[in-house]
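A, B, ... follow the sequence lines: proteins, then strands. Residue 1 opens every chain. In what follows, every heavy atom counts, from backbone to side chain, and hydrogens, waters and symmetry copies are set aside.
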Amino acid sequence: MDGEVDTLDDVFDQFLNNNRFFKDRDVLRHDYIPHKLPHREEQIRHLGLIVAPLLKTERGSNVFIYGKPGTGKTAVMKYVINRLVQKAKEFGAPVKAVYVNCRLAGTEYRIFTNLCAAVDIIVPFTGLATGEVFDRFKKGLEDKRVSFVVVLDELDELIKSRGNVLLYELTRINEALRNSKVSIIGISNDLRFKELLEPRVLSTLSEEEIVFKPYNASELQDILWERAELALCSGVLLKGAVGLCAALAAAEHGDARRALDLLRVAGEVAERENAKVITENHIREAERRIEHDRVIDALANLTLHSKFVLYSVYLLGKIKIYSAITGDIYEVYSEVCEEIGVSPLTQRRVSGLISELDSIGLLSSRVISRGRYGRTKKISLAIPRSPLSEVYSNDGHLGQVTSFIPTCLKAKLGKTKN
DNA sequence: CGTCCACAGGAATGACGGGCGG
DNA sequence: CCGCCCGTCATTCCTGTGGACG
């Protein structure tokens with residue numbers, strides 16, 4: 001009895017005294033916008049110059065921002081926009097801004113819905129024609145009499161799947177507006193993005209361009225120390241750990257987001273272990289956990305059939321020295337569907353699902369030609385197997401069939417195929 | 001050197017759930 | 001409530017193709 005009370009006491013006390021590690025955990029989250037962005041002074045200045053005219057109710061240039069993930073595009077942009085809006089408030093300039101992540105929004109329709117919300121127009125989440133939503137946005141904007149900054153993050157994703165229409169409409173909107181103005185800030189991860197744009201859109205959109213280069217390891221270290229000072233108690237972070245953290249992230253195209261994630265999770269691991277300091281081992285453990293969580297998360301959001309397709313690749317992966325091709329996956333997939341009692345989709349659709357899984361990063365696929373034996377796609381898992389088997393055994397559908405082995409798979413198990 | 005495999009991946013079309021205006 | 005139009009997902013039909021085999 002006493003022991004039990006003491007145990008709990010320990011747990012609670014430990015939690016309350018947790019400030020041994022974190023002063024402010026949120027500082028290490030990547031959506032946190034710091035007051036200082038090391039090695040980005042130039043970009044901040046540049047973007048500042050571009051949006052400054054809005055304070056005098058002149059139209060700012062449209063800007064195009066390029067850079068790989070985790071190079072500080074979003075942070076710099078949000079930082080500058082926040083300051084702009086703040087300054088505008090001081091001077092009574094009518095400046096408003098919206099931020100939309102095109103990939104998260106998904107469709108043109110939902111992007112316009114977001115834009116409408118920013119000018120206090122409520123539109124239904126479905127049912128209207130896209131053009132109708134756009135018109136309402138235009139109308140609302142005109143009534144507001146503001147300088148409106150539209151930030152479109154991950155714009156490349158939208159263009160790749162939907163084309164230029166939205167951007168074209170948006171770049172032309174100023175022609176129709178008398179009382180309000182729109183400035184567009186487009187952000188893209190893909191450096192070749194320009195090639196996808198129609199010339200007429202490109203010329204209006206990229207009046208200005210800002211490029212964000214990846215951080216190198218030493219710049220990443222600066223960022224980590226900067227944030228660690230705010231987020232962590234002094235003395236808990238070892239130099240070696242920061243070095244490793246920066247090195248791992250630098251290897252992954254200089255991704256600062258990655259570096260911060262690593263550090264935060266490493267801190268949590270160390271905290272739970274009751275360690276005194278954050279070491280290189282904690283960083284490595286963090287690397288494993290982040291990957292693990294990413295996979296679990298991605299899997300949880302898959303549709304039924306995507307899940308089955310992935311499972312089929314997983315099953316085929318049980319055969320050594322074998323990488324799956326579309327046809328085999330479809331065979332296995334069909335049998336899995338049969339076993340569970342769901343009617344399978346067509347091969348065309350499954351092929352599409354494979355491409356989707358590829359772009360999420362769960363599968364990696366590559367078109368190959370086997371000459372006489374046709375042209376197909378070579379497909380393998382892009383993620384470790386262990387989290388998968390864990391998820392599958394707990395899955396509502398697949399949990400029941402874990403012992404089921406498709407007959408076409410049995411046939412292959414014996415043979416050795418390329 | 002041509003053939004022909006086993007698909008890739010584009011286009012058109014349909015089924016479905018949902019909001020709109022009347 | 002209805003008829004209409006929308007976006008999304010899936011199907012059907014289609015043309016295109018890299019390269020081993022004969």
Side-chain angles (χ1 to χ4, degrees), chain A residues 100-117 120-140 152 157-170 195-196 198 298 301-313 316 319 322-338 340-360 362-380 382 397 408-409 411-412 415-418:
Chain A
V100 185
N101 184 312
C102 300
R103 187 177 47 82
L104 295 182
T107 64
E108 294 179 14
Y109 184 93
R110 290 205 280 267
I111 291 170
F112 281 136
T113 308
N114 279 323
L115 297 187
C116 285
D120 303 320
I121 297 171
I122 302 152
V123 287
F125 64 92
T126 177
L128 288 187
T130 311
E132 170 66 19
V133 181
F134 183 66
D135 286 344
R136 290 189 193 188
F137 167 65
K138 209 151 63 175
K139 175 111 193 348
L152 300 171
E157 294 294 326
L158 179 79
I159 302 300
K160 278 174 196 161
S161 56
R162 313 275 152 171
N164 282 282
V165 188
L166 175 140
L167 265 184
Y168 182 64
E169 296 280 337
L170 213 50
E195 297 162 18
L196 301 172
E198 285 173 31
N301 293 319
L302 291 182
T303 60
L304 193 65
H305 287 280
S306 292
K307 220 159 58 175
F308 292 168
V309 171
L310 191 66
Y311 181 63
S312 305
V313 180
L316 279 162
I319 305 175
Y322 177 84
S323 52
I325 60 170
T326 307
D328 295 342
I329 291 173
Y330 189 66
E331 260 187 288
V332 175
Y333 159 83
S334 303
E335 280 198 54
V336 169
C337 283
E338 202 93 349
I340 291 172
V342 178
S343 50
L345 304 175
T346 56
Q347 176 160 326
R348 177 69 188 88
R349 183 64 191 134
V350 168
S351 162
L353 292 179
I354 290 172
S355 298
E356 283 171 29
L357 289 168
D358 183 25
S359 65
I360 310 174
L362 294 178
L363 293 179
S364 67
S365 68
R366 187 163 59 94
V367 181
I368 56 155
S369 174
R370 300 181 305 157
R372 230 339 336 207
Y373 304 105
R375 206 161 165 272
T376 181
K377 243 177 179 174
K378 222 175 185 178
I379 297 135
S380 56
H397 298 276
C408 59
L409 196 63
K412 286 197 179 61
K415 287 185 246 168
T416 336
K417 214 173 158 185
N418 60 321

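Annotation: salt bridge (charged side-chain N to carboxylate O under 4.0 Å, His left out) contacts of A:E331 (sequence neighbours excluded): A:K412. Partners of A:K307 according to the side chain to side chain donor-acceptor pair (under 3.5 Å) rule, which considers only residues two or more places apart in sequence or in another chain, are A:D395. Partners of A:R348 according to the salt bridge (charged side-chain N to carboxylate O under 4.0 Å, His left out) rule, which considers only residues two or more places apart in sequence or in another chain, do not exist here. Residues satisfying the side chain to side chain donor-acceptor pair (under 3.5 Å) criterion with A:S306, sequence neighbours excluded, are A:T303.
Atom CD of A:E356 is surrounded by more than 12 heavy atoms from other residues, nucleotides or ligands within 6.0 Å.
A donor and an acceptor atom, one from each side chain of A:K377 and A:S351, are nowhere located under 3.5 Å apart.
Spacing between atom CD1 of A:I325 and atom C1' of C:dG18 amounts to 15 Å, rounded to whole angstrom units. When the P atom of B:dA8 is taken as reference, atom CD1 of A:I329 falls 9 Å away, rounded to whole Å. Between A:I111 atom CD1 and C:dC6 atom C1' there is a gap of 17 Å when expressed in whole angstrom units. We find that CZ of A:F112 is positioned 15 Å from C1' of C:dC6, with the value rounded to whole Å.
Note on A:S355: every side-chain N or O is 4.0 Å or more away from OP1 and OP2 of B:dA8. A sub-4.0 Å separation between OP1 or OP2 of B:dA8 and a side-chain N or O of A:S351 is present. Taking only side-chain nitrogens and oxygens, A:K377 comes nearer than 4.0 Å to OP1 or OP2 of B:dG9.
In this structure, A:K378 and A:V367 have side chains that are not in contact, with every pair of non-hydrogen atoms separated by 4.5 Å or more. Looking only at side-chain heavy atoms (C-beta outward), A:L170 and A:L152 come within less than 4.5 Å of each other.
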Practice item. Report, as a single string ordered 5' to 3', how protein heavy atoms within less than 4.0 Å touch nucleotides 9-15 of chain C: B base, S sugar-phosphate only, - not at all. Key: -SBBB--
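The minimum heavy-atom distance between A:C116 and A:F137, with the atom names listed, is SG-CB, 3.6 Å.
Comparing A:G374 and A:V367 by the nucleotide of DNA chain B whose heavy atom lies nearest to each, the residue mapping closer to the 5' end is A:G374.
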Output a table of nitrogen or oxygen pairs between the protein and nucleotides 20-22 of chain C separated by less than 3.5 Å.
residue : atom : partner : partner atom : Å
C:dA20  : O4'  : A:R372  : N            : 3.3

